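To start, the structure under review is shown below, and the notes come after it.
As the structure is a computational prediction, the values presented were derived from the model and not from experiment. Sequence positions, counted from 1, serve as the residue numbers for this chain.
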Amino acid sequence: MNFSSERGRIVQPNLDDRTWQELVEDMCALIPQYAPAGTWTDQNPSDIGITLIELFAWLVEGLTYRLNQVPEKNYIAFLNLLGFTRDPPAPARTHLTFTTGAGPLLLPAGTQAQTPVRDGEPPVVFETDEDVTVLPVSLDRALQIGPYTTANPGTPTYDEVSAPLIGPPADIFPVIVPPGQTVQLCFGFDQATGAELLLRLRMYAPVSSPVAPNPPAIKVTWVFSQKGVEPTAWSAVPAQKDGTEDLRHDGAVRLTLPGDWTAQRPTAQPGGQGAADWTKVKPREGGELLAEPRFWVGARIANSGNGPVTVGFDRVLFNSAFAHTALTVRTPEVLGVSSGEAFQTFALRHRPLYRRPDGDPFGHLVVQVGQGTPTTWETWTAVDELPAGADKVYRLDPVAGEIRFGDAGARTEPGTEGAQSVQAHGAVPPAGSLIQALSYRYVSAGTAGNVQPVTVTVPGPLPSGALPTGITGVANLGPGRDGADEEPIEDTLRRAPQQLKIRDRAVTAEDYAYLAHEATRDVAISKCLTPFPPAPDGAPWTFAGIIRAPGTVNLIIVPDQGSSVPTPTPRDELIQVVRDHLDQRRDMTAQLAIHGPRYLPIIVTVTISVWQQAFDAGVDEATVKTDTLMKITDFLHPTRGGPAGKGWLVGQPVFNSDLFRAIMPTEDVGFISSLLIRPGIPLYHFPPLNPTGTDVNYDKDKERPFPLLAPGTIDPAGGASVRLADYELVCAAADAAHAIAVKKITI
């Protein structure tokens, strides 16, 4: 299967493809024709005449190279004529955590913070997207207790999980709750407060099942520490509002703690000072001891189902607000004076404009037209296309940062009163009137905003321009992410033919897949599934819970959540952004369904033969196994792996030969003596795939379009490979599922 990047591209002609050597040979072949016989006998490279020929060929080669740039220049001019622009920089995002010595202190959206100035380089500035009320309380500890059984907790253990869960450096943190058991996350505050606590929970994999008819049996109870009460018996917070609906999506949890909220010390201090308050919950063997008292709030996650449930936390935020490297111009910016002519264009000082992830992406731009003394300002409206008539509207090019007005009422030259078009579109600002941008938000940094944790530490101004009072510190506990620079011109030239073909309309399956990427850069992989006719008995196609009857459009999207997330899954917000984008461009009769990926784990059985000399040089068996497992995991990563290291396509098979090249050891270590791959139990099935047949509802013929294959089985449709259904995406099986053997070879 060939996935060429040239598909749909306008191939440019090569006006002169002769190389330097060919030019020299052509001119040498003409010597007998222009030089009389016997007058030019020395044609060795040392001859001065041959040297002149080679010099001339070098000059001509440079001229032909420049000549061949003419088609590309014309191509670019054509795209500019059609209004094509490069994809703009994408702002980096992070969250800013504030501290205060007095409070509560309200920081409005638009509050800024920046990195320190170093070596004369300009700082990276972030601006908050939301209001945040900062309390004089700090969240600085996080523990995980369990799993344990609620009815008989016994003596569960706790683990210190502060770094991944609350930072720094905040990172992903999966919580696995076995069936019939409970896991309790405990958040420790340095002091008590009577004000409402607001915890913002972000999850890369919320509790959900994309194909299950019912949600998993998970119950979340928020509890608090009380004097003389063990963590497994803490009472529920009386006043709580769970905006996550039991961790089923991102949201805010609001808690008001009662007066008997007390501090507890998990473990006794060394030397016997400060006795432990926890006697039935012990630190895990070899784990970190926590002997500092904290005021604890717990999230008790109980699983009453028959299977394990994983909750993928991205981070838990307190006194924090999300921020982007997108800054607001807060003082009016005069763009120019209207000449009264048709189709005037005015440029903003900063570009590109920040695209908000909501229904009005550029609503932060306010354009006004002013007349008279003193000036009276009137706000005009942005539209996608200038409508017929004399409405006070304008068109916006957010990438170029340009504003364009219409031609209704345009001033004409004397004697040309009837020259303007009969049907005008959009009003023209009166001659002499001022044009200003009252405010707008623009992208200030792309990849430069992908900063390390705890680097944004300098508080900046409030939206009013004044420095905040009462703020004692600010920091980004997690790294800056998703910043991207302006699209390279080469990528724009490759993208243009496809965009011209689609013309912002979703008709074919390729159109839907392409427009999903156009909706947001957060989509790393997309595929639109074609419908299937019903079976002879009238039953529709329902594999993986996807209805593919005629008239349905099923789109699979996958975000890139980093190499540390083995099975990236789109959040509800991302699905909604793509849906809103496609709803404006699809056929109204099409039934659109957007799904997350349907993962098929791949299990690898490999034997590595290692030279005795390598063992003698210090190579050990555990290192070889660890290195091989890491290579397997990297190769099978959905968005970062694959034969080219750029991710997998939905439905792309896995070949032994590709995996062989990816995991082979260096020649001085050894070689691969055997390699087998097979599919594991798919992750998307509901009920789960049940090879034992104990489930009376289990029907192996309806689980997948074709059965799973045993190790080493030759797939007749794909050779020595793992064949995937057209809706499945590769992922690595759990580490324990792989079988990696090391064999010593002595020469």
Using side-chain contact (heavy atoms from CB on, under 4.5 Å) as the criterion, list what pairs up with A302, not counting sequence neighbours.
-> T182
Salt bridge [X]-[Y], side-chain N to carboxylate O under 4.0 Å:
X: R481; Y: D314; result: yes
X: D627; Y: K631; result: yes
X: R248; Y: D242; result: no

Is H595 reaching over with its side chain to a backbone N or O of N554, donor-acceptor style, under 3.5 angstrom?
->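 Answer holds: no.
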Any donor-acceptor N/O pair, T325 side chain to A92 backbone, under 3.5 Å | yes
Is it the case that R202 places NZ or CZ above or below the six-membered ring of F322, under 6.0 angstrom from the centre and within 45 degrees of the axis?
->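 Yes - R202 lies over the ring of F322, closer than 6.0 Å to its centre and within 45° of its axis.
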Would you sort out whether V578 and L582 count as a side-chain contact (heavy atoms from CB on, under 4.5 Å), showing the intermediate values?
-> CA-CA 6 Å; V578 175; L582 290 173; 3.9 Å; yes
Output the distance between atom CG (L317) and atom CG (L201), rounded to the nearest 0.5 Å.
->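 Going from CG on L317 over to CG on L201, the span is 8.0 Å.
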Pairs in or reaching into residues 76-90: which pass salt bridge (charged side-chain N to carboxylate O under 4.0 Å, His left out), with residues at least two apart or in two chains?
->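 Listed once each, the pairs are R86-E486, D87-R495.
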Kindly assign one of parallel, tilted or perpendicular to the pair H324 and Y354, based on the angle between their ring planes and the thresholds 30° and 60°.
->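 Ring orientation of H324 relative to Y354: tilted.
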Provide the closest heavy-atom pair for A524 versus T639 in the form atom of the first, atom of the second, distance.
-> CB-CG2, 4.2 Å
